[in-house]
Amino acid sequence: MEQHIRQALLKAAPELFGCAITDELIQFQQTRKDVEGDLTLVVFPFVKLLRCSPQAAGDKLKTWIEANVPGVSHCIVINGFLNIVLTDAYWLEQLFLMQAQPLYGFAQENSKPTVMVEYASPNTNKPLHLGHLRNIFLGAAVAEILRAVGHKVVRTQVINDRGIHICKSMLAWEKFSPVNARGERETPSNTGLKGDKLVGKYYVEFDKALQKEAKAIMAQWQSGNFSDTPEAVQQAVLNFAQAKQDKDEKAQAAIDDKIKELAKNQTSILQEAKQMLVKWEARDPQVYLLWTTMNGWVYEGFEQTYAQMGVSFDKLYYESDTFLLGKDQVMEGLKAGVFYQKPDGSVWIDLTADGLDEKLVLRSDGTAVYMTQDIGTAIDRFKDYPDLHGMVYTVGNEQDYHFKVLFLILQKLGYTWANNCFHLSYGMVDLPSGKMKSREGTVVDADDLMAEVIEKANAMTQERGHLEGLSEAARHALYTQIGIGGLKYYLLKVDPKKRMLFNPEESIDLQGNTGPFLQYAHARISTLLEKASYQPNAIKLATTLSPVEKEIIKQLSYFESALQEAAKGYSPALLANYTYELVKLYNAFYQSVKIVIEPDQEIRQLRLELSSQVRQTISKALSLLGIAAPARM
RNA sequence: GGUCCCGUAGCUCAGCUGGAUAGAGCAACUGCCUUCUAAGCAGUAGGUCUUUGGUUCGAAUCCAAACGGGAUCACCA
């Protein structure tokens, strides 16, 4: 309708205003809830053009629109706004149009270029936690939304399966894992631990040992004993100690950290881990075997977690496969003059001309860093998918700088697709107690959290659900749908780029703006339609609509634009909020009128059609968010 | 210190490209199940949109500065 009026006005401008007008002059907005109208045209822009008062300009537009635009009932001019009231017949027609297309709001499949969406991408040394949940739910939802607006989508993750962090777990396991009676060290099968949890445990063990050894070294330094310390390090420590004087507390703490860093570097255990990494890059058979085994454990654990989350991937990338390509690229870039080499052999890029710093892309010992791998992975992906148009990286906002640099490097290496790479940057998830810190044990484990919300859904559903006749398995599935659905909605309803607070109690809430609220509406309509033995059927266009009914159709008709906005802004939150508004409207309607038991057949049918379309829309929106829509609960 | 992000009700958040009297949920209080699922609905109360300037017919929204919070500036990933 907006488009209609817009076109009509543009065409009629010469006769109406005496001159042609530009598109931006015509501004539509949603009409305020408390005044009559379905669509509002802002009159102010026309005031200057017509050189008259807002009221007069409004009147002029009103007369013209009422006479020339079909579907318009009448217009009201208030305070410089022209509120357009559309006819009930127009709205009924909209409802039929939606009913006639089950995929209303969705674009045609594969009508837009291929996009790869990366999410999850965990390290293989730690189990998944709350931060990963936001990442994964967000990425998975964005992938679905992009698909719905017509893109071909490849869901992917890159698995950080190499690097010093893996070696730490491997080393700790070799050193500290107890041996049982059969001479075996701990494995997932002989401990019953999930693989990722077991490996994570040894990562922590490593850190403990490292801290302990570093502490001892610092104590030595404190007492002036530098017998085992290289000259250069000794000098650095003494310099830091010197610098510490006459500094404020904060600066002193920062210097202490630096000294600690030096001490850590002197520990034998870290040296061993570094040697292991070098061996790994040289494909030492023993190290490789251990690496394969322990990573295998982690993957198995992650698989379970992903299954519980209800997410999946189309294609996996392993950094162990792409880092060599990254190194090659760096060498080529070096030849081409994009990078430069320092005397110690390390390779850098100078981005000072772009307002950024110098950035390391290859270590002096020739091993790869994070950036090296990411360069390789990106190029690998565009090789694998020749029709790939762009990438979306779902990664936390603490890496804003990293991605800025990455995209810039790819551009400088001459890859034009770098312009279509987007960093879907999201804010951290805070706890009421503050930031999650692994050292302080405040990390919320993904598996534990999911188990908790399912348990809560279980308890609540037992208490107030309608479960008669459901099998034990079906009930359990329902608890999972509600628990996980609630968790997803909780994490997705907030604007991704904003930092958010995770309140454990609210996250399993069922009332208000929550996942179960939407699911409940869906279930209620489902059983309602079943009881009514609903069959789609045409309604006379002469049927009149109540204000709520009209509001609901209006909101239903916004689905497409809500979806478009969500895709454009990579923001599932927009879709979540849209759906919440729709459900609130419908609930008010549901409570205030009779539907199944409405005696007037024409009205009954209209209300059923309306309910059916609301259910459809909730179901579509929830599925885009990765949330199940149960038929009863 | 440089760069980037954020600041809306007691709490958690909406508020799209500037538009009418700034909205929800939670928490608090009042009502509504002998009619289709009350995980619901109707209502009361709660605001200097951090502050100060600027642009504009019009600013929570755009610009600048200040204040407050966070991230980042590693041969970590």
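In the text below, chain A, chain B and the rest are named by the order of the sequence lines, each starting its count at 1.
Paired with A:Asn513 under the rule side-chain contact (heavy atoms from CB on, under 4.5 Å), one option of A:Lys584, A:Lys493, A:Glu581 passes, and it is A:Lys493. Of the candidates A:Glu455, A:Gln462, A:Lys456, A:Tyr479 forms a side-chain hydrogen bond (donor to acceptor under 3.5 Å, both in side chains) with just one, namely A:Gln462.
With 3.5 Å as the limit, one finds no donor-acceptor pair spanning the side chains of A:Gln605 and A:Gln601. Between the side chains of A:Ser169 and A:Asn125, no donor-acceptor pair is found at a separation under 3.5 Å. The closest side-chain donor-acceptor pair between A:Tyr578 and A:Gln555, if any, does not fall under 3.5 angstrom. Under the 3.5 Å distance criterion, with hydrogens and angles disregarded, no donor-acceptor pair is assigned to the side chains of A:Tyr317 and A:Gln373. Side-chain polar atoms of A:His402 and A:Asp374 form a donor-acceptor pair below 3.5 angstrom. Side-chain polar atoms of A:Asn397 and A:Arg499 form no donor-acceptor pair below 3.5 angstrom.
Comparing B:U50 with B:C76, their P atoms are spaced 42 Å from each other, to the whole Å. The same atom, C1', is picked in B:C29 and in B:U72; the two are 47 Å apart, to the nearest Å. Comparing the P positions of B:C63 and B:G19 gives an interatomic distance of 14 Å, to the nearest angstrom. Across B:C36 and B:G31, the matching P atoms stand 23 Å from one another, rounded to whole Å. Taking atom C1' in both B:C41 and B:G25, one finds a spacing of 15 Å when rounded to whole Å. A distance of about 27 Å separates the P atoms of B:U3 and B:A14, rounded to the whole Å. Nucleotides B:C13 and B:C49 have their C1' atoms positioned 14 Å apart, rounded to a whole Å.
If you take CE of A:Met371 and P of B:A77, they are 12 Å apart, rounded to a whole angstrom. A straight line from CG of A:Leu574 to P of B:G15 spans 6 Å, rounded to a whole angstrom. Atoms CG (A:Asn125) and P (B:A77) sit 11 Å apart, rounded to a whole Å. In this structure, A:Arg524 places its CZ atom 10 Å from C1' of B:C36, rounding to the nearest Å. For the pair A:Leu585 CG and B:G23 C1', the interatomic distance rounds to 14 Å; values are reported in whole Å. Between the CD1 atom of A:Ile597 and the C1' atom of B:U37 there is a distance of 13 Å, given to the nearest Å. Computed from coordinates, the A:Gln30 CD to B:A14 C1' distance equals 13 Å when rounded to whole Å.
Side-chain nitrogen and oxygen atoms of A:Tyr370 include none within less than 4.0 Å of the OP1 or OP2 phosphate oxygen of B:A77. Phosphate contact (OP1/OP2 of B:A71, side-chain N/O of A:Lys435, threshold under 4.0 Å): present. Between A:Arg363 and the phosphate of B:A77, there is a side-chain N or O to OP1/OP2 separation shorter than 4.0 Å. The side chain of A:Lys531 places an N or O atom within less than 4.0 Å of a non-bridging phosphate oxygen (OP1 or OP2) of B:U37. Neither OP1 nor OP2 of B:G7 sits under 4.0 Å from any side-chain N or O of A:Arg499. Taking side-chain N and O atoms only, A:Lys498 has a distance below 4.0 Å to OP1 or OP2 of B:A14. Taking side-chain N and O atoms only, A:Lys497 has no distance below 4.0 Å to OP1 or OP2 of B:C4.
Taking only side-chain atoms of A:Asn79, from C-beta outward, the nucleotide of B:C36, B:A20, B:G19 with the closest atom is B:A20. Side-chain atoms of A:Leu501 lie closest to B:C13 of the nucleotides B:A77, B:C13, B:U37. Closest to the A:Lys594 side chain, of the nucleotides B:U37, B:U35, B:A77, is B:U35. For A:Tyr520, the listed nucleotide lying nearest its side chain is B:U37; candidates were B:A20, B:U37, B:A77. Checked against B:A24, B:A20, B:G19, the side chain of A:Val35 finds its nearest nucleotide in B:A20. Nearest to the side-chain atoms of A:Thr461 among the listed nucleotides B:G40, B:A77, B:A39 stands B:A39.
A heavy atom lying under 4.0 Å from RNA chain B marks the following residues of residues 508-517 of chain A, by number: A:Leu510, A:Gln511, A:Gly512, A:Asn513, A:Phe517. For the segment residues 394-407 of chain A, residues with any heavy atom less than 4.0 angstrom from an atom of RNA chain B are, sorted by number, A:Asn397, A:Glu398, A:Gln399, A:Tyr401.
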*asked:* In dot-bracket form, 5' to 3', how is RNA chain B paired? Count Watson-Crick and G-U wobble pairs only if both distances fall under 3.5 Å, and write | where the partner sits on another strand.
replied: (((((((..((((.....[...)))).(((((.......))))).....(((((..]....))))))))))))....
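Scanning all heavy atoms of the two residues, the minimum distance from A:Phe589 to A:Ile595 falls at CE2-CD1, 4.0 Å.
Checking side-chain atoms of A:Arg134 against main-chain N and O of A:Gly427 turns up a donor-acceptor pair under 3.5 Å. Using a distance-only test at 3.5 Å, with no hydrogens or angles considered, a donor-acceptor pair links the side chain of A:His423 to the main chain of A:Val395.
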_Steps toward salt bridge (Lys or Arg N to Asp or Glu O under 4.0 Å) verdict (A:Lys258, A:Glu261)_ = CA-CA 5 Å; A:Lys258 285 193 176 152; A:Glu261 208 52 47; over 6 Å; no
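Not a single donor-acceptor contact under 3.5 angstrom links the side-chain atoms of A:Asn587 to the base of B:A42.
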